[in-house]
Amino acid sequence: MATELQRMVDALGARLERSVAVDDRRLRLLAHSAHRGEADAARVGSIMNRSVPAELAAHVAAQGAADATGLFTVTARPEFGMAVERFGMPIRYDGTLLGYVWLTANEGPAGPREADALREAAGQAALILHGERLRHEVSRSRERELVRDLVAPDPVLRDEAARMLVEEDLATADGRVIAVVAVVGDHGEPLREDQRLALDLAVDHARRRLAPGRALSLIRPDHALLFSVRPDTSDDEAERGAEELAAALHERLRAELPADPPSACRTGVGRVRHRLADAAASYAEARRAAEVARSTGSGAPVTAYARLGTYALLAKLSPAERAESMHPGVRDLLRSRSGPAELADTLRAYLDEAGDARRTAARLHIHRSTLYNRLHRVEELTGLSLSRGEDRLTAHLTLKIAELDRPV
């Protein structure tokens with residue numbers, strides 16, 4: 001597509017003796033000719049970043065670009081870097097908007113000759129973009145099919161999917177594979193239409209940070225999966241790259257869902273695997289990390305499985321198994337049936353501070369004697385002795401389990 005579109009843009013630029021640009025419908029630059037006049041900051045930024053700032057996109061939309069049926073004008077907005085007017089022609093196929101062809105006003109007016117040339121070019125671009133769209137959909141459909149098999153329970157199916165992804169040039173043959181999972185909405189609940197669209201856009205945004213063959217993705221009923229495949233790198237570099245990718249995905253997802261609370265969007269990262277066929281294990285870890293972050297109320301935009309600590313072990317147990325593992329005295333304390341709620345908070349702080357009374361008192365802003373009185377009351381109500389390491393571990397695990405299983 002890039003070659004066909006570029007040839008068309010170059011031919012139009014030579015014919016009109018002006019610079020020409022083509023954007024997709026989200027104003028991401030697809031092709032541009034050589035500049036014959038001075039380019040303003042908006043055009044330079046578009047060429048460098050292949051996109052425009054949100055405020056500039058909003059200005060173009062406010063000018064009626066998406067509804068235009070013929071030549072239209074976008075007024076200059078110097079504060080957004082658009083120092084000169086733009087003349088645009090919508091690119092449509094069967095009524096569907098696919099993008100725009102642009103001229104700049106500093107290189108001359110847009111009269112009937114220019115309008116006819118742009119209309120003809122928009123028709124050619126429509127055929128090119130529609131063809132690419134069909135090819136892309138076929139490719140992505142096949143990718144989704146194989147990624148579903150790649151994370152299936154059957155190891156034979158996973159091996160075959162990995163082989164086919166490489167044979168069909170959808171993934172690189174070797175390297176380090178890490179899964180990124182973005183969880184949206186309530187646990188296990190189907191996505192709302194706006195949430196699914198937000199996930200699609202966020203994943204697409206993140207994929208564009210990676211080279212072809214280094215990204216695989218799949219939208220599932222309540223989350224999105226994105227694999228980063230990074231050849232010729234170290235494990236540490238692959239992990240850093242995956243966390244940066246996850247942060248970009250999370251940031252875009254939050255921008256697309258401003259009305260949803262931050263707790264509705266969580267992003268997890270699995271550990272490195274050295275074979276594509278083993279990617280399912282990283283996927284399971286990334287999903288678990290995202291779910292732990294949501295359950296515990298972590299404020300971090302990205303949660304790596306490698307840093308989950310005790311939660312990584314507890315999250316492998318079923319809710320029923322975790323419930324059976326809770327100490328009944330501590331469980332009752334958490335439910336505030338046997339004492340004030342501050343006792344559970346005091347116990348949690350004391351155990352988090354490794355039994356250091358001075359640090360715990362400072363953290364809770366209480367006198368040390370008050371701390372000792374509360375801890376004594378905890379021992380009376382739970383039957384545990386906080387001077388014993390095993391009892392402290394039992395209490396701490398119960399508190400961790402309660403955090404995992406609390407209502408979101």
Side-chain angles (χ1 to χ4, degrees), residues 181 183 186-188 261-264 266-271 284-408:
V181 166
V183 173
D186 298 325
H187 179 68
S263 59
R266 299 294 179 182
T267 310
V269 179
R271 291 181 295 184
E285 292 172 350
R287 189 174 180 186
R288 192 168 295 134
E291 294 290 358
V292 166
R294 181 161 63 177
S295 298
T296 60
S298 167
V302 176
T303 302
Y305 180 86
R307 293 193 289 276
L308 281 183
T310 305
Y311 290 122
L313 174 63
L314 296 177
K316 291 181 179 180
L317 303 176
S318 69
E321 290 171 326
R322 291 197 294 265
E324 291 176 2
S325 302
M326 296 180 74
H327 186 276
V330 178
R331 183 179 57 217
D332 289 347
L333 193 69
L334 287 165
R335 294 174 178 173
S336 299
R337 291 203 300 240
S338 305
E342 67 184 12
L343 293 182
D345 294 335
T346 300
L347 176 61
R348 182 179 292 104
Y350 179 69
L351 295 173
D352 285 346
E353 296 294 345
D356 188 303
R358 181 184 60 79
R359 291 203 307 265
T360 304
R363 173 174 167 175
L364 297 174
H365 306 291
I366 60 177
H367 195 275
R368 206 175 303 183
S369 61
T370 301
L371 171 65
Y372 290 136
N373 288 335
R374 290 184 186 179
L375 294 177
H376 179 66
R377 182 65 176 147
V378 167
E379 290 179 322
E380 288 181 336
L381 294 173
T382 63
L384 295 172
S385 172
L386 296 178
S387 62
R388 297 181 65 240
E390 186 175 344
D391 283 4
R392 286 202 300 272
L393 178 60
T394 297
H396 213 176
L397 287 175
T398 299
L399 292 173
K400 297 292 187 186
I401 289 172
E403 289 181 1
L404 277 180
D405 294 330
R406 68 184 178 183
V408 179

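The basis for the numbers below is simple: all heavy atoms, side chains too, and nothing from hydrogens, waters or symmetry mates.
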Spacing of [atom1] belonging to [X] relative to [atom2] belonging to [Y], to within rounding of 0.5 Å:
{"X": "Ser369", "Y": "Arg374", "atom1": "OG", "atom2": "CZ", "result": "10.5 Å"}
{"X": "Tyr350", "Y": "Leu343", "atom1": "OH", "atom2": "CG", "result": "14.5 Å"}
{"X": "His327", "Y": "Leu399", "atom1": "NE2", "atom2": "CG", "result": "11.5 Å"}
{"X": "Thr360", "Y": "Leu364", "atom1": "OG1", "atom2": "CG", "result": "6.5 Å"}
{"X": "Glu342", "Y": "Thr370", "atom1": "CD", "atom2": "OG1", "result": "9.5 Å"}
{"X": "Tyr305", "Y": "Tyr311", "atom1": "OH", "atom2": "OH", "result": "14.5 Å"}

How close do [X] and [Y] get, counting heavy atoms only, and between which atoms?
{"X": "Arg359", "Y": "Ala354", "value": "NH2-CB, 4.2 Å"}
{"X": "Arg271", "Y": "Ala306", "value": "CG-CB, 4.1 Å"}
{"X": "Ala289", "Y": "Gly268", "value": "CB-CA, 4.1 Å"}

Sub-4.5 Å side-chain heavy-atom contact between [X] and [Y]:
{"X": "Val292", "Y": "Thr303", "value": "no"}
{"X": "Val181", "Y": "Thr267", "value": "no"}
{"X": "Met326", "Y": "Leu334", "value": "yes"}
{"X": "Ser295", "Y": "Glu403", "value": "no"}
{"X": "Arg322", "Y": "Pro319", "value": "yes"}
{"X": "Leu386", "Y": "Leu347", "value": "yes"}
{"X": "Leu381", "Y": "Asp332", "value": "no"}
{"X": "Ile401", "Y": "Ser325", "value": "yes"}

Passing candidate, side-chain contact (heavy atoms from CB on, under 4.5 Å) with Leu384, options Thr398, Asp391, Val378: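 Only one of Thr398, Asp391, Val378 forms a side-chain contact (heavy atoms from CB on, under 4.5 Å) with Leu384, namely Asp391.
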Show every salt bridge (Lys or Arg N to Asp or Glu O under 4.0 Å) that has at least one partner inside residues 362-372, sequence neighbours left out. Asp352-Arg363, Glu353-Arg363
Can you name the residues that form a salt bridge (charged side-chain N to carboxylate O under 4.0 Å, His left out) with Arg307, not counting sequence neighbours?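 Salt bridge (charged side-chain N to carboxylate O under 4.0 Å, His left out) list for Arg307, sorted by chain: Glu243.
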Could you list the residues that satisfy side chain to side chain contact (heavy atoms under 4.5 Å, CB included) with Ser318, not counting sequence neighbours? Ala320, Glu321
Are Arg288 and Glu291 ion-paired here, with the side-chain N under 4.0 Å from a carboxylate O? no
